[in-house]
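Right, one structure below, let's go through it.
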Amino acid sequence: MKEMQTTYDPKDFEDRIYEKWMRENCFRAEIDPSKVPFTVMMPPPNITGKLHMGHAMDETMQDIVVRFKRMQGYSALWLPGTDHASLATEHKIVEKLHEEGTSKEELGREEFLRRAWAWKEQYGDAIVGQLKKLGSSCDWSRLTFTMDEKCSKAVREAFCRLYEKGLIYRGSRIINWCPDCRTALSDEEVEHTEDAGYFWHFAYPVEGSDERIVIATTRPETMLGDTAVAVNPSDERYKNFVGKTLLLPLTGRKIPVVADEYVDPEFGTGAVKITPAHDPNDFEVGLRHSLPSIRVMGDDGSMNELCGEFAGLDRYEARKRIVEKMKELGLLVKIEPHSHNVGHCHRCHATVEPIVSKQWFVKMAPLAKPAIDAVVKNKTKFVPDRFAKIYFNWLENIRDWCISRQLWWGHRIPVWYCECGEVICSREDPTVCPVCGSTHLKQEEDCLDTWFSSALWPFSTLGWPDKTPDFNYFYPTDVLVTGYDIIPFWVMRMMFSGIEYTEKVPFHDVLIHGLVRDELGRKMSKSLGNGVDPLEVIAKYGADSLRLSLVTGVAPGNDTRFTEGKVEAARNFINKIWNASRFVLMNVDCDVPAFGNIRLQPADRWIISRLMATIREVTVSLQKYDLGIAADKLTDFTWNDFCDWYIELVKPSLYGGDPEKKRSALGVLIFVLENILKLLHPFIPFVTEEIWSFLPGERGNIISEEYPRYNTKLSYKKEAKTFEGIIDLIKTVRAMKVDVNCPPSRKVHLFLIAEQRRLVSVNKQSILRLAGASEIEFIEKGEQAGEKTLSHVCEIGHLFVPLGDLVDIEKEKERLKKELERVTGEIARADGKLMNKNFVAKAPKKLVDDERAKKEKYLDMKQKIEEQLRLLDD
RNA sequence: GGAAGUUUAGCUCAGCCGGGAGAGCACUUGCCUUACAAGCAAGGGGUCAUAGGUUCGAACCCUAUAACUUCCACCA
């Protein structure tokens, strides 16, 4: 039999184990009617780059849940994939082309797409590699890319259905335009920041008079597109202006003064220039007053041909020139600093321009309603549930979704325009116009928003719209794991899409996690350069340590800080398990009896009792997605109970020379270790699998083992409680020795007045070893343990330890007096409660009983301490 | 202008149904005890942000306040 290395080194086996899992098809989810399916769709990472720490946490959480469910006997499918990330990817490729001295226009659509697919191959593979390094147990046979044929088919189906229902329309609306990416954006893709700017006050002259009206604007360049000035109808200052005509400076265009409630008289000058083509509010005002809409800016953010001398200028250059010009004309009244909310493209951070443009939209109101209802009715639950509020907030205030993008990389909109004017939306590429028979059809140039295909992810991956066996078996999915920042982009859209297309919610639970921040609590970002590469951490500490560190001490939905110290702590814990396992295995030199055939000793029953309690707590926590609590319980049990206590307690049995005792001890050790490894496997899959392979006997992979189950017959609650008296005894002796500076090597003689002599006797060797004692001697009440003796009342009885020269009687008296004080205080506290009639009457009976028992215990302690004090006084 | 979150040990954070405040790291002391110094043992350290309220009983529930964080919102 091969042996375990003396130190834990994950590099020795992580890759090898992953290959083994792959080779043996351990991640493959089968359609098995005898099993219950459990489905998780991996949020497909963008192919724009490599995975960051946030992904690492997201994937780890999913893997933990999936491995847990798989071990529980579900047919667990974790379907992996990647996202084409239309805008983000195209942006990156365009940047790269720019560096190469070319452009997408120069290459043309076809060549550009060829490059994009090459990009996808490269980065998609890198991501898959990273996921494997992390230990992700996803079903690679079902790996999906959002532009795979099946997804494209689903996208077309979805688009056509909405189009046919009249829920998709094309129209000219104000949209968010990114002049750098040169595409429309949805509202969600715009980030607002409070930017410092100015308020320019311009005077607009009234036609045929000397009167002027002063407006304030933050975007002077848009004045070229003004088609009115609006004032509040109740504003006395401007009453006489309403209906008059103004001469728009720089253009001489005649524009009316209109009255509209939208204007806030308190803000600015109370008069607002109206530019319907370049401002969402102005657009609305324009509609109400039938104002023309004049677009003065091109797709690249420069002023267009309507702008006279400013034509061709960049928007900011134009702003400068216009302000100068207005000043020259004496129409610049004043400039005041003003900070306001400015929208930025969330991809390239360029300032977004609201622009009127012909785009495709999804009508949201009819889709939002059922998506809200589903969560209200608990068909889908958010964990933690407070995130439901954020979800509602979005859906309740939602506006129509602009889905067209002026991009090439993505799903091209399945609409064709015929020369006769017919618009054809089709699942198949049409060749002939159904109206005029023409074959001159042109497909819509625009692509769909990436999130349009992401919205279909829970079912497009399973073959929808076809009724595939996968779809029938695995859909709807069980849990979606993602960050709170993705709720508006994705969760919400999957919800209404799932309900609309499949008539089922796409998942029952949404497990929301927070962001992984840096050591100082800052968001990890490229610009700050504070990101930590998961692969580097894995290289140094191993994937298991990284995984464990990402879920311990983390509450659902809360942000967490990444520190190397946490990874180190996780590594140390894993090292502990490694060595504990090594210890157990190096003692195996005989057949280990089956657990059921072992006559259990009190210590055995204690550890098994603790094991059962742990199994129960961990299982409950995992079912509630409380991964942090589960990890915490497991660490505590493994390290404290198993390693620090149980292993030490059974060493005398291993070393004592009695083969029967040794065999039994080994049996229990192996049994508990097996359970620990299984319980921990979802968290730290590699090392548990590796250790598992060293355990004696024929066994398969731990990944395919059954998750431990709570067994009432093995709970031994009462016996475990009693056994804790032994632990308490050992701790007491240790503390006594430290208290008097007794060297650990100096063995002490223990005298004990106790009722449970048998329990003590059975564990005598363990007690001697762990307490650093030479002998335990039972004495009767009233009997003396000799001169210079320290005493302590512990759970199991009254302990006396003669320590000779180390004992300072006066100090011991002091200590006893203090102890007496404490105990007296405890009695008073218990009395305080028990004398309270309300407590006795209203508190649960168990609590009252417990309180009475405590009082009894302390009274007994008090008596013993007083006795001892009297003795010392004599 | 709305909304959510956070505030607990020196640091980072847990804390379930309300029933004697926890972990890791750091710190102090002693130990290389034949698995592990990435370790063992024993310790010190908290006005659970503040003020009220509900309750027999509050870190936990309610109200208000403060500080910080985040999301949303068209005030030109």
Taking the side chain of A:N575 as heavy atoms from C-beta outward, which of B:A38, B:A76, B:A35 is closest to it?
-> B:A38

Ignoring backbone atoms, establish whether A:K651 has a side-chain N or O less than 4.0 Å from OP1 or OP2 of B:A35.
-> yes

Could you tell me whether A:A555 contacts a base, only the sugar-phosphate backbone, or nothing, with contacts defined as non-hydrogen atoms closer than 4.0 Å?
-> sugar-phosphate

Return yes if the base of B:A41 and the side-chain atoms of A:E648 contain a donor-acceptor N/O pair under 3.5 Å, otherwise no.
-> no

C1' spacing across the pair B:A26 / B:C32, given as an integer number of angstrom | 23 Å

With respect to the side chain of A:R571, which nucleotide from B:A38, B:G30, B:C71 is positioned closest?
-> B:A38

Base, sugar-phosphate alone, or nothing: which one does A:I390 contact when heavy atoms must sit under 4.0 Å apart?
-> nothing

Nearest-angstrom distance, P atom, B:G19 to B:A59 | 10 Å

NA contact type, A:D644, heavy-atom cut-off 4.0 Å: base, sugar-phosphate, or nothing?
-> sugar-phosphate

For A:K566, which contact category applies under a 4.0 Å heavy-atom criterion: base, sugar-phosphate, or nothing?
-> sugar-phosphate

Hey, is OH on A:Y198 packed in by over 12 heavy atoms from elsewhere, all under 6.0 Å?
-> no

Which listed nucleotide (B:A76, B:A14, B:A73) is nearest to the side chain of A:F199?
-> B:A76

Take atom C1' in B:A66 and the same atom in B:G45, then report the distance between them in whole Å.
-> 27 Å

Spacing of A:L548 atom CG relative to B:G24 atom P, expressed in whole Å = 13 Å

Taking atom P of B:G5 as reference, at what distance in whole Å does atom NE2 of A:H513 sit?
-> 19 Å

Within the modelled atom types, does a donor on one side and an acceptor on the other bring the side chain of A:E826 and the base of B:G20 under 3.5 Å apart?
-> yes

With a non-hydrogen cut-off below 4.0 angstrom, is A:K846 in contact with a base, only sugar-phosphate, or nothing?
-> nothing

Would you indicate what A:P488 reaches in the nucleic acid, counting non-hydrogen atoms under 4.0 angstrom: base, sugar-phosphate, or nothing?
-> nothing

Under the 3.5 Å rule, do the base of B:G39 and the side chain of A:K576 count as making a donor-acceptor pair?
-> no

Is any side-chain heavy atom of A:F489 closer than 4.5 Å to a side-chain heavy atom of A:H346?
-> yes

Assess whether atom CZ of A:R399 is packed by more than 12 heavy atoms of other residues, nucleotides or ligands within 6.0 Å.
-> no

Hey, which of these two, A:F583 or A:N341, hits RNA chain B nearer its 5' end, going by closest nucleotide?
-> A:F583

When rounded to whole Å, the CD to P distance for the pair A:Q5 and B:A38 reads 18 Å

Applying the 3.5 Å cut-off to both distances, the Watson-Crick or G-U partner of B:C68 turns out to be B:G5

Is A:Y391 near enough to B:C72 that one of its side-chain N or O atoms lies under 4.0 angstrom from OP1 or OP2?
-> no

Base-pairing mate for B:U33 - Watson-Crick or G-U, with both contacts under 3.5 Å = none

Please report, rounded to the nearest Å, how far the P atom of B:G1 is from the CG atom of A:N393.
-> 17 Å

Under 3.5 Å side-chain donor-acceptor pair for A:E336 and A:H201 | yes

Could you state the atom-to-atom distance from CD of A:E396 to P of B:C72 in whole Å?
-> 16 Å

Taking B:C75, B:U34, B:U69 as options, the one with an atom nearest any side-chain atom of A:R769 is B:U34

Within the structure shown, what part of the strands sits under 4.0 Å from A:A569 by heavy-atom distance: base, sugar-phosphate, or nothing?
-> sugar-phosphate

A:N558 side-chain proximity, nearest of B:A14, B:A42, B:U70 | B:A14

Would you mind reading off the distance between A:Y541 atom OH and B:A38 atom P, rounded to a whole angstrom?
-> 12 Å

Classify the glycosidic conformation of B:C17 as syn or anti, calling it syn when the angle lies within 90° of 0.
-> syn

Is the number of heavy atoms from other residues, nucleotides or ligands within 6.0 Å of NZ (A:K747) greater than 12?
-> yes

If you look at every strand shown and take non-hydrogen atoms under 4.0 Å, does A:W394 touch a base, only sugar-phosphate, or nothing?
-> sugar-phosphate

Would you indicate what A:G628 reaches in the nucleic acid, counting non-hydrogen atoms under 4.0 angstrom: base, sugar-phosphate, or nothing?
-> nothing

For atom C1', what is the distance between B:U28 and B:A14, given to the nearest Å?
-> 25 Å

Determine, for A:F642 and A:K576, whether the Lys NZ or Arg CZ falls below 6.0 Å from the six-membered ring centre while staying within 45 degrees of the axis.
-> no

Look at the side chain of A:N836 against the base of B:C56 and say whether a donor-acceptor pair falls under 3.5 Å; ignore hydrogens and angles.
-> no

Please confirm whether A:R493 makes a cation-pi placement over A:W401, using NZ or CZ under 6.0 Å from the six-membered ring centre and within 45° of the ring normal.
-> yes

B:C48 and B:C60: how far apart are their P atoms, nearest whole angstrom?
-> 10 Å

NA contact type, A:V620, heavy-atom cut-off 4.0 Å: base, sugar-phosphate, or nothing?
-> nothing

Any donor-acceptor pair under 3.5 Å between the side chain of A:R829 and the base of B:G20?
-> yes

G-U wobble or Watson-Crick pairing nucleotide for B:G22 (cut-off 3.5 Å, both distances) = B:C13

Mind calculating the distance between CG (A:D187) and P (B:A73) to the nearest angstrom?
-> 7 Å

May I ask you to verify if any side-chain N or O of A:N397 is less than 4.0 angstrom from the OP1 or OP2 atom of B:G2?
-> no

Is there a donor-acceptor contact under 3.5 Å linking the side chains of A:D195 and A:T193?
-> yes

Given the C1' atoms of B:C17 and B:C11, what is the spacing between them in whole Å?
-> 32 Å

Face-to-face contact A:F839 to B:C56 six-ring, under 5.5 Å, under 30° = no

Could you measure between the two C1' atoms, the one in B:A21 and the one in B:C68, and give it in whole Å?
-> 25 Å

Quick one: which of B:C75, B:A4, B:A35 gets closest to the side chain of A:R386?
-> B:A4

Any idea how A:F573 and A:W639 line up, ring-wise: parallel (<30°), tilted (30 to 60°), or perpendicular (>60°)?
-> parallel

Could you give the distance separating B:A9 and B:G22 at their C1' atoms, to the nearest angstrom?
-> 10 Å

Just call it for A:Y484: base, sugar-phosphate, or nothing, with non-hydrogen atoms closer than 4.0 Å on any strand.
-> nothing

Using a cut-off of 4.0 Å on non-hydrogen atoms, how would the nucleic acid contact of A:H338 be classed: base, sugar-phosphate, or nothing?
-> sugar-phosphate

A:R561 atom CZ is separated from B:U6 atom C1', nearest whole Å, by 11 Å

Mate of B:U54 across any strand shown (Watson-Crick or G-U wobble, both atom pairs under 3.5 Å) is none

Between the side chains of A:K540 and A:S545, does any donor sit under 3.5 Å from an acceptor?
-> no

What nucleotide, of B:C74, B:U69, B:A76, holds the atom closest to the side chain of A:D279?
-> B:A76

When you get a sec, tell me which of B:G30, B:A76, B:U34 is the closest nucleotide to the side chain of A:T218?
-> B:A76

OP1, OP2 of B:C40 versus side-chain N and O of A:W639: anything below 4.0 Å?
-> yes

In terms of the nearest nucleotide of RNA chain B, which residue is placed more toward the 5' end: A:R219 or A:Y8?
-> A:Y8

